[in-house]
Peer 1: 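Mind looking over this structure? Questions follow.
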Amino acid sequence: MKTTVIKFLSLFAIAAFVSLNTSCSGDDNTTDPPTSGGGNGGNGGNGGNPPATGTTLTGMLTEDLTLDPTVSYVLDNTYSIESGATLTIPAGTTITANAAQGENTSTYIVVQRGAQIDIQGTAANPVVMTSNNATPGDWGGLVILGNATTTAGVDAIAEVGQLVYGGTTDNDDSGSINYLIINYAGAAINPDSQFNGLTLYAVGSETSISNVAVLNGTDDGVEFFGGTVSASNMYFENNEDDAIDWTEGWNGTLTNGYVLHTIEGFSTAVEADGENGNPTLTNLTAVSNTGGTALQFKRESGATITGLSLAGYDTSLDFRDMGAFSNVQIEGQDADPTQTYIAAPSVDVAMFDWINSGSQATTSVLSGSITADMTLDANVNYLLSNTFSVESGATLTIPAGTIITADAVDGENTSTYIVIQKGAQIDVQGTAANPVIMTSNGETPGDWGGLVILGDATTTAGVDAIAEVGQLVYGGTNDMDNSGSINYLVINYAGAAINPDSQFNGLTLYAVGSETSISNVAMLNGTDDGVEFFGGTVNATNMYFQDNEDDSIDWTEGWNGTLTNAYVVHNIEGFSTAVEADGENGNPSIVNLTAVSATGGTALQFKRESGATITGLSLTGYTTSLDFRDMGAFSNVQIEGADANPAEAYDAAATVDVAMFSWVPGI
């Protein structure tokens, strides 16, 4: 299994700090680094948290300064590192923007052209920049101005504070950042513009940026305005605009980016604008619990992207302004907005455990095989991206309310199914209030292969027979074989075509034994059968079938179990039958079968010597009640204790109350 589940243990939030009864400030003309001084008097609150207290950072820094990680620093206004100066921030240092007072748009840290910042955080002790109000948009974040090239030209003027950036030195060095958390930034500059968490204006390639997390901003997590800087190991969570944004021809590399959206209404995971500097994104995993757009490219912007993994977005690619798809190369091909780019995560979120954010990405990819027991999580949205095989000796447990969505938009539909191998088990623990649902993102019949279970019971195909699906092996001599338990399960949009003559079903049971428990199952909108029994002795109860295009209930290879309380609905034209039986007669029992058609058609069809014992049969709306093919004997089929009679309509009152399936969505 390949998974993108994130579960951090505690919520990261830093508010007011213990007062040191010291304050250190400068004004716009100071040339001295902060020193301790008088109290923080006069800084009243604004109805939120109290003003942060500690050593104040404000004004200009014109000579090198190293902060002290044992001191609580308060950012009271703009703090500017001037050309020629370096601000060093040791591991474990915390800087708190004083959002409880003053003008948020003037509260930010800026590293001017020719200045440097040296953030020396570690995984155990990151540097933290946050706000005392703990509210998105509280402050302006960290702004770095470089001397590299940008399409805005030399000495361009930033939208922030008339700051000057841009030059001709692409290997410009603005310092080093390692293990930094920026929280609650994004203050609004004007109605059309906001600060970001980390803003990089024409920053050069000799600048080092790695292990940075930007959380809970009202604008972008990071924005590159031109420049050549590269960044690695970047985490973005719940930034309300774009997680990653670039413009003005940025042409650096972003390696190992992870984006998480658990909020509604964000803009994108990635937005690119302006001229195409063709930056490189290597390993980008983006996960949304709320849909939305993943990547947006405006005008002629573009990128070269490898290792792209998207999960949970409504739109994978959005091209604005008629930009060419070829501007964006994904895995060596022109970008294709019809592709979902759903893939196994290319970035392991565990590498960001040091952030301790408390959020959980609730999307996970199911693919490959498991050889040990596995229990899914009903709070996680599972994406079935290929065959998912539960191997012999392993049990897959699926709790009530779990949803598994087959990726019908990407990949090969016929390889997208769940298979329980001989000797393995499945335990579907749905309830009427919270059934387990297996569906597809394409929401089209035939999107995927459904659920396939292989048992060790007898079948006329013999021992170790080979299935028409994936060369799977089934069948043995143990009629009491146990493949697990299924209760309250909905299977939707299955029936992918294996070849011109064969398709998957919703639920396919190969030689499944009698100790297997199957009850309360609904098969909807399949292109082949709802359920098909290939031999075996398994029983099933309370089964609902709606608008399956071939047969609702099908058996062959001598199945001889019992089906109790089945309800079949046909609202579509051109289906095959409600029941089809073929092959040798294992004489299964059908107890209470109600089938209703709004479009005529055939109810029950028996081929060759197949048969059954049926009681409680109720047919409504079918043109043909019984169809015997291949000259099979009517006596093979016993209905209400008598030989089957094709002249009979079998239109008795319903023997199954459809209300018992009110738990099925849409019923």
Side-chain angles (χ1 to χ4, degrees), residues 1-11 237-238 260-264 287-292 311-314 342 344-345 349-350 357-370 372-386 388-390 394-408 416-420 424-441 443 447-448 450-451 453 483-494 506-507 517-524 542 544 661-667:
M1 187 191 114
K2 302 169 185 175
T3 182
T4 53
V5 178
I6 313 166
K7 192 174 283 185
F8 297 133
L9 297 178
S10 63
L11 179 66
E237 180 182 304
N238 289 342
L260 174 61
H261 290 120
T262 67
I263 57 172
E264 301 276 355
V287 180
S288 173
N289 297 341
T290 60
Y313 294 91
D314 299 315
I342 297 168
V349 72
S357 82
S359 290
Q360 179 176 337
T362 56
T363 301
S364 180
V365 176
L366 296 177
S367 183
S369 62
I370 59 170
D373 294 351
M374 175 182 175
T375 299
L376 302 187
D377 183 343
N379 295 314
V380 172
N381 296 318
Y382 291 95
L383 182 75
L384 182 67
S385 67
N386 209 296
F388 184 56
S389 176
V390 183
T395 297
L396 175 66
T397 300
I398 308 179
T402 303
I403 298 175
I404 299 173
T405 304
D407 178 19
T416 306
Y417 58 94
I418 297 172
V419 56
I420 312 302
Q425 291 192 341
I426 188 169
D427 184 10
V428 175
Q429 301 174 338
T431 65
N434 288 291
V436 169
I437 295 176
M438 299 179 180
T439 187
S440 79
N441 56 3
E443 298 187 345
D447 272 348
W448 66 298
L451 174 61
I453 303 179
S483 295
S485 174
I486 296 175
N487 200 20
Y488 289 103
L489 169 65
V490 177
I491 300 176
N492 213 341
Y493 304 118
L507 176 61
S517 174
I518 299 176
S519 61
N520 300 300
V521 180
M523 271 74 68
L524 316 174
N542 303 347
Y544 180 85
F661 300 105
S662 60
W663 58 270
V664 179
I667 301 302

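Count residues from 1 along the sequence.
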Peer 1: Would you say that Leu396 contacts Asp373 through its side chain, given a criterion of any heavy-atom pair below 4.5 Å between the two side chains?
Peer 2: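 When only atoms from C-beta onward are counted, Asp373 and Leu396 do not touch, as no gap falls below 4.5 Å.
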Peer 1: By the definition side-chain contact (heavy atoms from CB on, under 4.5 Å), identify the one residue from Asn492, Asn441, Leu384, Thr439 that meets it with Trp448.
Peer 2: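 That would be Leu384; it is the only one of Asn492, Asn441, Leu384, Thr439 passing the side-chain contact (heavy atoms from CB on, under 4.5 Å) with Trp448.
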Peer 1: Report yes if the side chains of Ile370 and Phe388 come closer than 4.5 Å at any heavy-atom pair, otherwise no.
Peer 2: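 Contact flag for Ile370/Phe388 side chains = yes.
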Peer 1: So do Ile398 and Ile426 actually touch side chain to side chain, heavy atoms under 4.5 Å?
Peer 2: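 Contact flag for Ile426/Ile398 side chains = yes.
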Peer 1: Answer yes or no: is there a side-chain heavy-atom contact under 4.5 Å between Val490 and Met438?
Peer 2: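 The answer is no; the side chains never approach within 4.5 Å.
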Peer 1: When the ring planes of Tyr544 and Phe661 are compared, do they come out parallel, tilted or perpendicular, using 30° and 60° as the limits?
Peer 2: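 The arrangement is tilted - the two ring planes meet at 30° to 60°.
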Peer 1: Looking at every heavy atom in both Asp377 and Tyr382, which two are closest together, and how far apart are they?
Peer 2: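 In terms of heavy atoms, the two residues are closest at N-OH, 2.7 Å.
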Peer 1: List the atom of Ser385, the atom of Ser367, and the distance in Å for their closest heavy-atom pair.
Peer 2: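 That would be OG-CB, 3.3 Å.
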Peer 1: Quick one: do Thr290 and Ile263 satisfy side-chain contact (heavy atoms from CB on, under 4.5 Å)? Show the steps, please.
Peer 2: CA-CA 7 Å; Thr290 60; Ile263 57 172; 5.8 Å; no
Peer 1: Measure across Asp447 and Ser440 and return the closest heavy-atom pair with its distance rounded to 0.1 Å.
Peer 2: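 Minimum heavy-atom separation between Asp447 and Ser440: OD2-OG, 2.5 Å.
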Peer 1: Is the backbone of Gln425 close enough, under 3.5 Å, to the side chain of Ser483 for a donor and an acceptor to pair up by distance?
Peer 2: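 Absent.
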Peer 1: Is Val436 close to Leu376 at the side-chain level, that is, under 4.5 Å between some pair of heavy atoms?
Peer 2: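 No. Closest side-chain heavy atoms not under 4.5 Å.
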Peer 1: Do Asn381 and Leu383 come close enough that some side-chain heavy atom pair is under 4.5 Å?
Peer 2: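 They are not in contact (no side-chain heavy atoms under 4.5 Å apart), so the answer is no.
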Peer 1: How many angstroms lie between CG in Asp314 and OG in Ser288, if you round to the nearest 0.5 Å?
Peer 2: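 Answer for the CG-OG pair, Asp314 versus Ser288, is 7.5 Å.
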Peer 1: Please walk me through it: do Leu489 and Leu451 pass side-chain contact (heavy atoms from CB on, under 4.5 Å)?
Peer 2: CA-CA 11 Å; Leu489 169 65; Leu451 174 61; 4.0 Å; yes
Peer 1: For Tyr488, what residues pass the ring-ring contact (aromatic ring centres under 6.0 Å, His included) criterion, not counting sequence neighbours?
Peer 2: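 Counting only residues at least two positions away or on another chain, Tyr488 forms a ring-ring contact (aromatic ring centres under 6.0 Å, His included) with Trp663.
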Peer 1: How close do Ile437 and Pro665 get, counting heavy atoms only, and between which atoms?
Peer 2: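 Looking at all heavy atoms of both residues, the closest pair is CD1-CG, 4.1 Å.
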Peer 1: Taking the side chain as C-beta and beyond, is there a heavy-atom pair between Ile486 and Ile453 under 4.5 Å?
Peer 2: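 A side-chain contact exists here, since the closest heavy-atom pair is under 4.5 Å.
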Peer 1: Which residues satisfy the side-chain contact (heavy atoms from CB on, under 4.5 Å) test with Thr397, sequence neighbours excluded?
Peer 2: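 Result, side-chain contact (heavy atoms from CB on, under 4.5 Å) vs Thr397: Thr375, Thr395, Asp427, Gln429.
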Peer 1: Taking all heavy atoms of His261 and all of Tyr313, pick out the closest pair and write down the distance.
Peer 2: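 Minimum heavy-atom contact is ND1-OH, 3.1 Å.
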Peer 1: Evaluate the side-chain proximity of Thr402 to Val380: yes if any heavy-atom separation is below 4.5 Å, no if none is.
Peer 2: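 Val380 vs Thr402: side chains apart.
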Peer 1: What heavy-atom pair brings Ser519 and Asn487 nearest, and what distance separates the two atoms?
Peer 2: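 So the minimum-distance heavy-atom pair works out to OG-OD1, 2.9 Å.
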Peer 1: So how far is it from Asp407 CG to Leu366 CG, rounded to the nearest 0.5 Å?
Peer 2: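 Reported to 0.5 Å precision, the distance equals 12.0 Å.
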Peer 1: Does one side chain, of Asn238 or Thr262, offer a donor that lies under 3.5 Å from an acceptor on the other?
Peer 2: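 Thr262 and Asn238 do have a side-chain donor-acceptor pair below 3.5 Å.
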